Amino acid sequence: MKTEFLRAAIARATETMRAHNQELTELDQAIGDGDHGTNMQRGFDAIEASADEISPLDLGAALQKAGMTLVTTVGGASGPLYGSLLMSMGKAASSEPTDRASFAAVFSEGVDAVKRRGKSDVGAKTMLDVLVPVLQALQDDGGDAVAVARQAADEGLESTRNMLATKGRASFLGERSVGHLDPGARSSALLVHVVCDLIEESQ
Ligand code: ADP
Ligand code: MG
């Protein structure tokens with residue numbers, strides 16, 4: 001069951017990055033250097049190439065291996081950031097999370113690692129503007145977990161539109177970063193949707 005879930009998650013995430021490669025490229029062309037689509041695609045292609053090795057592992061080891069793969073294959077800032085997210089989640093997932101609270105505890109370790117690695121937090125127009133609200137929605141314990149996570153991801157993504165970027169390449173643009181969605185927030189929202197869809201389908 002778990003192996004099949006991981007296999008499906010890898011396939012779905014890779015497919016999604018492929019399908020949205022152009023969109024992520026265009027978002028990054030507007031406020032960065034235009035490589036976010038390629039970076040995400042390269043990273044997930046590499047994870048997919050190792051799917052046979054990753055899927056049978058314990059969840060913790062699988063997340064760590066997937067995270068390490070992103071760190072070693074993605075050149076941009078997003079590789080080490082997503083790599084830290086997955087590796088720290090993997091270290092925290094010593095036993096498999098079985099409910100919302102235990103999943104939130106694991107996810108929280110990952111989000112903290114992104115904050116540390118990026119020296120950043122919500123409000124800087126980054127992936128954290130999706131990841132942090134999703135974590136908060138899971139920790140709040142109200143509503144259906146999958147539904148509140150999706151909504152938090154969508155609202156968090158939209159919140160980046162009118163933010164001034166203060167971290168990453170987009171910060172070099174100053175005021176000109178305002179009016180565009182953040183590419184990393186978009187890829188995070190896409191990945192949150194992938195996980196939510198798979199959890200829903202497996203219930
Ligand atoms: P690069 O910026 O090196 O070209 P990417 O284009 O792949 O790398 O990734 C850019 C995304 O990474 C941004 O849209 C943002 O969401 C995220 N990002 C960049 N710097 C930081 C940071 N310091 N903290 C959190 N996220 C960041
Ligand atoms: Mg870029």
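Ligands are counted one by one from 1 in listed order, and the atoms in each one are counted from 1 as well. Quick caveat: nothing in here was measured; it's all calculated off a predicted structure.
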Hey, are the side chains of Phe44 and Ile10 touching, using non-hydrogen atoms and a 4.5 Å cut-off?
-> no
Which atom of Asp28 approaches the Mg ion (ligand 2) most closely (N/O/S) | OD2
Minimum side-chain heavy-atom gap Val178-Met163 below 4.5 Å = no
Protein neighbours of ligand 1 with a heavy atom under 4.0 Å, given by chain and number, are Asp28, Asp33, Asp35, His36, Asn39, Gly76, Ala77, Ser78, Leu81, Gly118, Ser120, Thr126, Met127, Lys167, Gly168, Arg169, Asp182, Pro183, Gly184, Ala185
Is the shortest heavy-atom distance from the side chain of Leu24 to the side chain of Met17 under 4.5 Å?
-> yes
Where do Gly32 and Arg169 come nearest, in terms of heavy atoms and distance?
-> CA-CB, 4.4 Å
Under the side chain to side chain contact (heavy atoms under 4.5 Å, CB included) rule, collect the residues that match up with Ser108, sequence neighbours excluded.
-> Asp112, Leu135, Gln139
Side chains of Ser102 and Asp99: donor-acceptor distance under 3.5 Å anywhere?
-> yes
To the nearest 10°, how many degrees is the angle Asp33 OD1 to the Mg ion (ligand 2) to Asp35 OD1?
-> 80°
Does any donor atom in the side chain of His36 or Thr25 lie under 3.5 Å from an acceptor atom in the other side chain?
-> no
